[in-house]
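These notes concern the structure reproduced below.
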Amino acid sequence: MAEDKEIRYDPSVIEPKWQQRWAADPTLYAADAFDSGRPKYYVLEMLPYPSGQLHMGHVRNYAIGDALARHMWMRGYNVLHPMGWDAFGLPAENAALKNNTPPRQWTLSNIAGMKRQFERLGMGFDWSREVTTCLPDYYRWNQWFFLRMYERGLAYRKKSKVNWCPDCATVLANEQVIDGRCWRHEDTIVEQRDLVQWFLRITAYAQELLDGLDKLDGWPEKVRTMQRNWIGRSEGTEVEFGVENRSEKVRVFTTRVDTIFGATSVQLAPEHPLVTALAAADAGLKKQVNELLEEQKKAREAGDVGAIDKHGVPTGHFAINPFNGERVPIWVANYVLLDYGTGAIMSVPGHDARDFEFATKYAIPVRRVIAPADSNAEEPELPYLSEDGVLVNSGEFSGLSCEAAQKQLREVAARQGFGEATITFRLKDWGVSRQRYWGTPIPMIHCERDGIVPVPDDQLPVLLPEQIDITQQGGSPLGRVPEFVNVTCPKCGGPARRETDTMDTFVDSSWYFYRYTDAKNSAEPFAPAAAQYWFPIDQYIGGVEHAILHLIYSRFWTKVMRDLGLITNDEPARRLFTQGMVIKDGAKMSKSKGNVVSPDEMVSRFGADAARMYALFAAPPDRDLDWQEDGVAGVSRFLGRVYRLVVKYASVARSAGEQAAESPAGTSLKLLRKLHQTIAKITLDFEGRWHFNTSVAAIMELVNEIQAVDAQLASGEIPAPVVHELLRTLVLMMAPFAPYLAAELWDELGGEGAVFRAPWPPSNPELTREDELEVPVQINGKLVSVVRVPSDAGPDAIQAAALADPKVKSRIEGKTVVKIIVVPRKTVNLVVK
RNA sequence: GCGGAAGUGGUGAAAUGGCAAACACACUAGCCUUAGGAGCUAGCGCCCAAAAGGCUUAGGGGUUCAAGUCCCCUCUUCCGCACCA
């Protein structure tokens with residue numbers, strides 16, 4: 001078609017034009033006040049760190065969320081779709097050291113740049129609710145929450161072994177240490193240091209955080225499992241062993257107290273206080289224990305803590321089993337961890353694989369105390385690990401089942417005061433102190449007279465000083481700002497020192513989504529009524545890398561806020577979606593691999609619509625997506641086809657006005673059927689499966705089918721109302737995926753208002769049904785032929801059609817048809833002998 | 001070791017237990033042309049010269065009239081946890 005060439009799709013003209021118009025209308029993506037009569041829908045993508053550049057992972061994340069937000073607008077919901085910046089953190093300080101730019105300036109200029117990228121990508125965010133966590137109007141509420149937690153004993157200070165990253169020059173939370181390495185520095189071994197630090201008592205909610213997972217059925221099972229593992233609940237018993245000739249006691253933790261008569265030694269962690277005490281009086285032991293510690297450290301550095309050889313050293317002292325008075329040797333073992341359970345275990349080599357390995361190595365006796373429940377069964381080899389057996393060699397408890405024995409042993413221990421049932425969690429309290437500058441100051445004051453004194457509410461925010469030299473290394477940078485440090489004690493008025501540590505940046509992201517509901521509030525973190533209206537988040541979308549970190553901290557914070565009476569929901573998000581990574585050439589995009597594709601480059605070459613639509617089309621959203629430039633070019637060509645098709649027939653469509661297509665037939669009917677099938681499919685994709693790759697494919701099929709009858713369109717054979725319905729609905733369906741093109745074409749078609757506020761097209765069930773169906777015919781399960789039958793044909797008619805088919809006839813000739821299965825609309829299968 | 005997800009053309013992938021490979025990318029051939037990162041037509045899982053036909057969803061068993069899909073075993077890849085007592 002010669003005239004087709006006149007019409008050229010040029011996103012570099014269309015997109016900036018609409019970007020300008022949208023920027024001029026701040027109400028376009030604004031959520032209604034929370035008393036709106038329409039049902040609410042809160043869709044949220046995780047907020048980015050303002051590194052300076054969006055990457056393709058962001059583009060994908062936000063393309064998914066934006067498509068959903070636009071779809072929900074079109075479905076008539078009051079949609080909240082906000083965006084903000086996780087703006088505190090180490091990179092700003094590192095950049096400052098490198099370029100001599102203040103962290104605040106670096107961060108704010110990055111935010112401005114990334115905001116432009118978001119706008120250029122056509123993301124529909126409600127910027128009137130923008131949250132920037134490094135600004136005092138936000139972080140003052142971090143301080144406010146910290147004080148509330150302090151009042152309730154949920155924030156506290158203690159000296160303990162903490163993770164120290166030498167590259168970050170700060171302490172890290174347990175959640176930020178991965179395989180003994182820093183989460184930000186893959187090659188940096190995290191050291192252990194003894195420091196006084198602030199902690200948040202997340203363990204107070206351990207059980208609730210665990211139980212809540214069962215109800216989060218809108219969360220991926222993977223994330224729930226990861227959190228369950230992380231919380232690591234373990235039910236067991238603590239038993240106190242006496243120490244011969246000494247006053248100390250040793251408490252051991254065990255999940256198998258039923259095997260306690262088989263305990264032939266007690267094993268202590270090398271850092272256990274009793275070991276320290278014994279070693280203080282025994283230079284030889286001290287030397288050996290130090291060797292064990294050195295070895296552990298090396299294993300940690302090698303990253304294979306689980307693989308080191310189990311070994312230990314005898315202390316020469318003995319423990320007394322309180323159940324039978326038996327004297328067993330006390331060892332120090334390198335596989336016993338101080339920070340799990342009590343840091344001490346009873347070793348039962350007969351019924352524990354690891355204890356068995358250890359006992360064999362050091363010729364410690366192995367004793368059978370559990371036998372199979374079936375007394376006729378052959379005696380199994382040790383170690384025998386089953387929990388279904390009965391006790392033997394266990395004094396008065398012999399003959400009991402393992403389960404019954406556990407119960408009775410606990411009762412005896414409790415009655416006699418040497419033990420109790422306990423529950424141990426792997427989850428540890430959240431260490432939030434950071435010896436860095438660019439974070440929320442912890443609102444505490446150290447007074448010589450009054451000790452730790454919280455900053456009174458009316459003195460919040462404790463402002464982060466702007467004029468600071470952070471080029472010096474060592475210690476908290478805030479400690480070098482005398483105006484900041486030297487204060488008077490709010491209690492006694494005497495001289496005092498301000499806390500110089502700042503908060504972990506994960507504090508910022510633990511509650512930011514509540515602030516969106518009332519972002520400008522200067523009297524409280526947010527009005528409870530606003531949060532009450534919008535929460536929980538209906539759909540949260542982000543990367544799975546936050547499965548433990550952000551997603552467990554923010555669940556904790558929600559429970560604390562609930563207990564403070566600010567909110568009524570127990571969980572922050574009803575549904576969570578974790579999208580896959582964007583990879584290229586088989587590897588995650590990263591600067592070091594040199595396989596990074598810049599969104600700006602994609603946008604300038606193919607347009608934002610093409611980049612976004614490709615991100616949705618190339619793979620289902622939960623899978624990894626392989627970025628292929630040829631694929632983006634393909635989507636761009638498709639958008640060009642849509643553009644030319646709609647522009648070419650826009651005047652025909654407009655001429656129909658609001659006139660509906662009447663009793664369509666022939667090609668018109670065929671096209672309208674395809675149209676309504678497409679609507680039904682895409683609506684379903686949004687509602688449940690989220691396979692937007694097939695939504696896009698369905699639109700492509702529809703466009704292919706319309707294009708195939710171009711001659712009939714050009715000749716005017718297709719009535720204008722049909723053309724109108726086809727093109728208008730096509731544009732509406734494109735709107736969530738390619739907003740710029742949809743806006744442009746909506747305009748071409750004379751549509752009223754913004755296309756993303758137009759109602760989502762309903763699919764007409766009458767029209768999704770075909771007149772005739774193709775039904776495959778199988779013989780013994782193998783496809784033989786396909787017959788056409790009316791779509792309302794009953795089983796008898798379908799069977800008759802199948803038997804009348806020539807191919808079928810020739811195949812069953814001379815044979816016996818044993819059985820015929822007819823599945824209406826699906827298949828016919830003849831069982832033939 | 002424990003737990004989870006996955007394995008389908010040259011590539012990305014599609015398929016409520018009912019015609020495997022839709023939709024694209026790449027490739028091949030052709031057309032068109034004010035030559036563009038354009039458009040159009042056709043072909044494109046494997047075997048066979050072609051047709052007819054046969055084979056095909058990591059491998060092996062099973063359930064079923066019917067299995068990529070459900071069950072069992074094995075292998076591979078990715079992810080999480082891991083001396084957790």
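Predicted model only: the values in this text are computed from it and were never measured. So you know, we letter chains A, B, ... as the sequences are listed, proteins then strands, and number each from 1.
Counting non-hydrogen atoms under 4.0 angstrom, A:Ala633 reaches nothing in the nucleic acid. Within 4.0 Å (heavy atoms only), A:Asn693 reaches sugar-phosphate atoms of the nucleic acid but no base atom. No contact: A:Arg233 has no heavy atom under 4.0 Å from any strand. The residue A:Asn704 sits close only to the backbone: its heavy atoms come under 4.0 Å of sugar-phosphate atoms, none of a base.
Nearest to the side chain of A:Pro620, among B:A24, B:A13, B:G12, sits B:A13. Among B:C19, B:C23, B:U16, the nucleotide with an atom closest to any side-chain atom of A:Ala697 is B:C23. Proximity note for A:Arg623 (side chain, C-beta onward) versus B:C40, B:A13, B:G18: the nearest is B:A13. Taking every side-chain heavy atom of A:Val336 into account, B:A85 is the closest of B:C19, B:A85, B:A24. Distances from the side chain of A:Arg426 to the nucleotides B:G80, B:C84, B:G12 place B:C84 closest. Distance from the side chain of A:Arg637 is smallest to B:A26 among B:A14, B:G37, B:A26.
Remark: A:Lys782 is in phosphate contact with B:C55, judged by side-chain N or O atoms under 4.0 Å from OP1 or OP2. Dashed line: the shortest gap from a side-chain N or O of A:Arg689 to OP1 or OP2 of B:A15 is under 4.0 Å. OP1 and OP2 of B:A38 both lie 4.0 Å or more from every side-chain N or O belonging to A:Arg644.
In this structure, A:Ile548 atom CD1 and B:C79 atom P are separated by 16 Å, rounded to whole Å. Remark: P of B:A24 and CD of A:Gln628 are 16 Å apart, rounded to the nearest angstrom. The separation between A:Asn780 atom CG and B:G18 atom P is 19 Å, rounded to whole Å. The distance between atom CG of A:Leu639 and atom C1' of B:G39, rounded to the nearest whole Å, is 16 Å. Separating the CZ atom of A:Arg641 from the C1' atom of B:G39 is a distance of 10 Å, rounded to the nearest angstrom. Atom CD in A:Glu221 sits roughly 9 Å away from atom P in B:G4 (whole-Å rounding). One interatomic measurement links the two molecules: NZ of A:Lys819 to P of B:A66, which rounds to 9 Å at whole-angstrom precision. Taking atom NZ of residue A:Lys826 and atom P of nucleotide B:A66, one finds them 18 Å apart after rounding to whole Å.
Classified by its glycosidic torsion, B:G60 falls in the anti category, the angle being over 90° from 0.
No donor-acceptor contact under 3.5 Å links the side chain of A:Gln778 to the base of B:C65. Residue A:Asp630 places no side-chain atom within donor-acceptor reach of the base of B:C25, judged by atom type and a 3.5 Å distance cut-off alone.
Residue whose closest nucleotide on RNA chain B sits further toward the 5' end, between A:Gly631 and A:Arg354: A:Gly631.
Nucleotides B:U8 and B:A58 are separated by 10 Å at their C1' atoms, to the nearest Å.
Sorted by residue number, the list of members of residues 677-688 of chain A with any non-hydrogen atom under 4.0 Å from RNA chain B is empty.
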